Amino acid sequence: MYRLNDSDDNFAASGPRLYLILNIKLMNEKIRLRFAPSPTGPLHIGGVRTALYNYLFVKKMGGTLILRIEDTDQERYIAGAESYIIESLKWLGIEFDEGPGIGGDVGPYRQSERKSLYGKYALQLVESGHAYYAFDTKEELDAIRTEYEGRKETFRYDGITRQQLKNSLTLPEEAVKIRLESGAPYTIRLKVPRDEEVLINDVVRGEVVFQTNELDDRILLKGDGMPTYHLANIVDDHLMKISHVVRGEEWLPSTAHHILLYRFLSWEDTMPQFAHLPLILRPNGKGKLSKRDGAKFGMPVFPISWEGKNAEDSFEGFREFGFMPEAVLNFLAFLGWNPGTEQEIFSLSELAEAFTLDRISKAGARFDFEKASWFNQQYLIQTDNAELGQLLKPFAEEKGYEVSDEYLTAVAGMMKERVNTLPEIVETGYYFFEPIREYEEKMIRKKWNPDRQTALLNLNQQLENLPEYQAEKLEASTKEFLEANSLGFGDVFPFYRIALSGTTKGPALFEMMEALGTEEVKKRLLTAFPAFDEVFTKKINS
RNA sequence: GUUCCUGUGGACGAAUUGGUUAAGUCGUUGCUCUUUCACAGCAGAGAUUGCGGGUUCGAGCCCCGUCGGGAAUACCA
């Protein structure tokens, strides 16, 4: 189904024996994907999308999703990054079947804990003539690089230059032996063959060809005995029986090396299928989205907040911005993929149902925060008010507001279609929780007259005496009052509204009144009138 | 510089695989609804499919060239 190269005609012609072999092959090719982040800091939104696509494909195909921590670089390792990754994905509802803290048959799932495994394969490659020891120090190589740069050239440790460098290919056998035995630091490099082509069959990009002459002899095992990404990745993907590698496009240029590694380790027949995802670009289209862009464009680029060493290194997440996880997921899913139908609101399980690798687009997608906000609003609107009230709670508490769950539910219901995020409810709707900060003058200036006050107070009196202080009853009673006093809606409404909320915008007036309650309404009316009069006097005098 | 990827309205992107007037969504403008704002509904503006050639009765789709954007080019992943 997913291996197109297994031709059906061959199969028909070759009888039961091949059938058996193919069958075994298929059984071994269970769908197993991995998400393999590096704990070098918070997981940015591009990484989250990679995790999401891996998850979706696994769910769609009924496979297994593995979390593998690629912590082979002890210099860039950051404590807390791993738990950040796990917490982020948990918040979003992306769950793993195997991984650190979860278990599984092919662990451990942290590369640092698998350190002893990799050397063997590096050695095997040396023995088979596909890799070699290199003794050049970092400083020496840096010097060569700057020298090349001076000539406006780029240095590459490859099939040509390695002949002039210090390695087991150029040094006498005896000298190599002595160096190795003396414990002198060395690396193991891949010996890339000359004059060959490496073909990558990428699920999203089709066939991509690399000339080996353009490839460098990449380091496989570092001086500290740790493998580089390239070695560790291939060894682990093989040992963990990974069937598909779904990762960012930035890995495409390295994939030729990876394929060579599979070939030299004789694992090419069980090599995973590759799918390289398009990059997520900056809102202005210039370059790939980076962690600094959050501050630059005033939007989150991380799933949840990250507390770094300083303010520069700390980031606010989508969660803290007030986004719902479902909305983030939905938005992210559409960044580089689309179902080809007109549906755009998808739950996680609906996404999994609709997801296919062949509908992933090739070109980089810009990160459009406005679209993300729109998705969030859609989810806000479709979420039950009581549930929203609960989600709103932390944001209200943060502001020091102490109100009941019922009140929060009511406010959420009134405000949800007027905002994009949760905290906006307590910000633009602050007047539900504290006194009016400022009255919008324009309407008052235009229409207020101190004698309106009497009518307003009479009306309020009538409303207070209602057996039930409830929106529809309030409205009906108000209508009666207006008719009886031959007044229009416009004569009282704007002032009532501004008195209660300070603004001409906002939810339906009677609903606000119901939520606020008779006491508060009266209080607000009485504090508003003097303010209105003040505006009026100012107008008269000017 | 080199290698590789990529290019459809401002953004995301669809187009039955070569078939006629290039979907839809976001954004934007206006209208309707509404006491306001928003939601919703309706309507409009916005594209010679990066550009230039070629093949073909016919090209967004195939071929060649060209330009732009991006990634990689580390003892980082």
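Quick note on labels: first sequence line is chain A, next is B, and so on, each numbered from 1. All values derive from a computational prediction rather than experimental measurement.
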Ignoring hydrogens and geometry, is there a side-chain-to-backbone donor-acceptor pair from [X] to [Y] under 3.5 Å?
X        : Y        : result
A/Asn449 : A/Arg452 : no
A/Thr383 : A/Leu388 : no
A/Ser83  : A/Gly80  : yes
A/Arg189 : A/Leu220 : no
A/Glu514 : A/Ala471 : yes
A/Lys416 : A/Ile381 : yes
A/Arg49  : A/Ile45  : no

| query | Got a sec? Which of residues 500-515 of chain A come in under 4.0 Å of RNA chain B, heavy atoms? | reply | A/Thr504, A/Lys505, A/Gly506, A/Pro507, A/Ala508, A/Leu509
| message | On RNA chain B, compare the nucleotides closest to A/Phe367 and A/Thr154; which residue's is nearer the 5' end? | response | A/Thr154
| query | In terms of the nearest nucleotide of RNA chain B, which residue is placed more toward the 5' end: A/Gln211 or A/Gly490? | reply |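 Of the two residues, A/Gln211 wins.
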Using the [atom1] atom on both, measure [N] against [M] and round to a whole Å.
N     : M     : atom1 : result
B/G70 : B/C75 : C1'   : 27 Å
B/G7  : B/G13 : P     : 10 Å
B/G9  : B/C63 : C1'   : 28 Å
B/G58 : B/G18 : C1'   : 8 Å
B/G68 : B/G50 : C1'   : 7 Å
B/C62 : B/U17 : P     : 14 Å
B/U34 : B/G27 : C1'   : 24 Å
B/A45 : B/U6  : P     : 35 Å

Quickly work out the [X] [atom1] to [N] [atom2] distance and round it to whole Å.
X        : N     : atom1 : atom2 : result
A/Asp216 : B/C4  : CG    : C1'   : 14 Å
A/Asn376 : B/U25 : CG    : P     : 20 Å
A/Leu279 : B/A11 : CG    : C1'   : 17 Å
A/Glu441 : B/U36 : CD    : P     : 22 Å
A/Asp158 : B/U2  : CG    : P     : 16 Å
A/Phe331 : B/A11 : CZ    : C1'   : 10 Å
A/Leu289 : B/G70 : CG    : P     : 14 Å

| task | For side-chain hydrogen bond (donor to acceptor under 3.5 Å, both in side chains), just list the numbers for A/Asp195 and A/Asn213, CA-CA rounded to whole Å, side-chain angles, deciding distance to a tenth of an Å, and then say yes or no. | result | CA-CA 6 Å; A/Asp195 305 318; A/Asn213 292 3; 2.9 Å; yes
| field | A/Arg145 to A/Tyr148, cation-pi by 6.0 Å centre distance and 45° axis angle | value |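 No.
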| message | A cation-pi test, strictly: NZ or CZ of A/Arg179 under 6.0 Å from the centre of the six-membered ring of A/Phe135 and no more than 45 degrees from its axis. Yes or no? | response |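 Positive - A/Arg179 is close enough to the ring of A/Phe135 and near enough to its axis.
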Nearest listed nucleotide, side chain of [X], among [options]:
X        : options             : value
A/Arg418 : B/C37, B/U36, B/A72 : B/C37
A/Lys371 : B/C26, B/U35, B/A72 : B/C26
A/Lys286 : B/U36, B/C4, B/G70  : B/G70

| message | A/Glu342: which residues meet the side chain to side chain contact (heavy atoms under 4.5 Å, CB included) condition with it, sequence neighbours left out? | response | none
| said: I'd like to check the side chain to side chain contact (heavy atoms under 4.5 Å, CB included) partners of A/Ala499; sequence neighbours left out, ordered by chain and number. | reply: A/Leu525, A/Ala528, A/Phe532
Could you tell me whether [X] contacts a base, only the sugar-phosphate backbone, or nothing, with contacts defined as non-hydrogen atoms closer than 4.0 Å?
X        : answer
A/Gln378 : sugar-phosphate
A/Gly248 : nothing
A/Tyr496 : nothing

Tell me the side chain to side chain donor-acceptor pair (under 3.5 Å) pairs involving [range], sequence neighbours left out?
range                       : value
residues 283-294 of chain A : A/Arg282-A/Asp293, A/Ser290-A/Asp293
residues 471-494 of chain A : A/Gln462-A/Ser477, A/Glu468-A/Lys473
residues 372-382 of chain A : A/Asn330-A/Tyr379

Enumerate the protein-to-nucleotides 75-77 of chain B contacts in which both atoms are nitrogen or oxygen and the separation is below 3.5 Å.
unit_1	atom_1	unit_2	atom_2	d
B/C75	O2	A/Gly223	N	2.5
B/C75	N4	A/Asp136	O	3.0
B/C76	OP2	A/Lys222	NZ	3.2
B/C76	O2'	A/Asp73	OD2	2.8
B/C76	O2'	A/Arg76	NE	3.2
B/C76	O2'	A/Arg76	NH2	3.1
B/C76	O2	A/Arg76	NH1	3.4
B/C76	O2	A/Arg76	NH2	3.0
B/A77	OP1	A/Thr72	OG1	2.9
B/A77	OP1	A/Lys222	NZ	2.7
B/A77	OP2	A/Tyr229	N	3.2
B/A77	O3'	A/Ser38	OG	2.8
B/A77	O3'	A/Glu70	OE1	3.2
B/A77	O2'	A/Ser38	OG	2.7

| request: For A/Pro227 and A/Thr72, work out which heavy atoms get closest and say how close. | output: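 So the two residues come closest at O-CB, 3.5 Å.
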| task | Dot-bracket notation for RNA chain B is requested: 5' to 3', Watson-Crick or G-U wobble pairs only, both distances under 3.5 Å, with ( ), [ ], | and . as defined. | result | (((((((..(((......[....))).(((((.......))))).....(((((..]....))))))))))))....
Show each protein N/O and nucleotides 5-10 of chain B N/O combination with a separation under 3.5 Å, one pair to a line.
unit_1	atom_1	unit_2	atom_2	d
B/C5	O2'	A/Arg205	NH1	2.6
B/C5	O2'	A/Glu249	OE2	2.8

| task | Could you list all the salt bridge (Lys or Arg N to Asp or Glu O under 4.0 Å) pairs where at least one residue sits in residues 217-236 of chain A, not counting sequence neighbours? | result | A/Arg68-A/Asp236, A/Arg114-A/Asp236, A/Arg162-A/Asp217, A/Asp216-A/Arg218
| request: Could you pull out all residues at least two apart from A/Tyr157 that satisfy ring-ring contact (aromatic ring centres under 6.0 Å, His included)? | output: none
Protein-nucleic acid N or O pairs under 3.5 Å, nucleotides 14-18 of chain B:
unit_1	atom_1	unit_2	atom_2	d
B/A14	OP1	A/Asn338	ND2	2.9
B/A14	O3'	A/Arg359	NH2	3.4

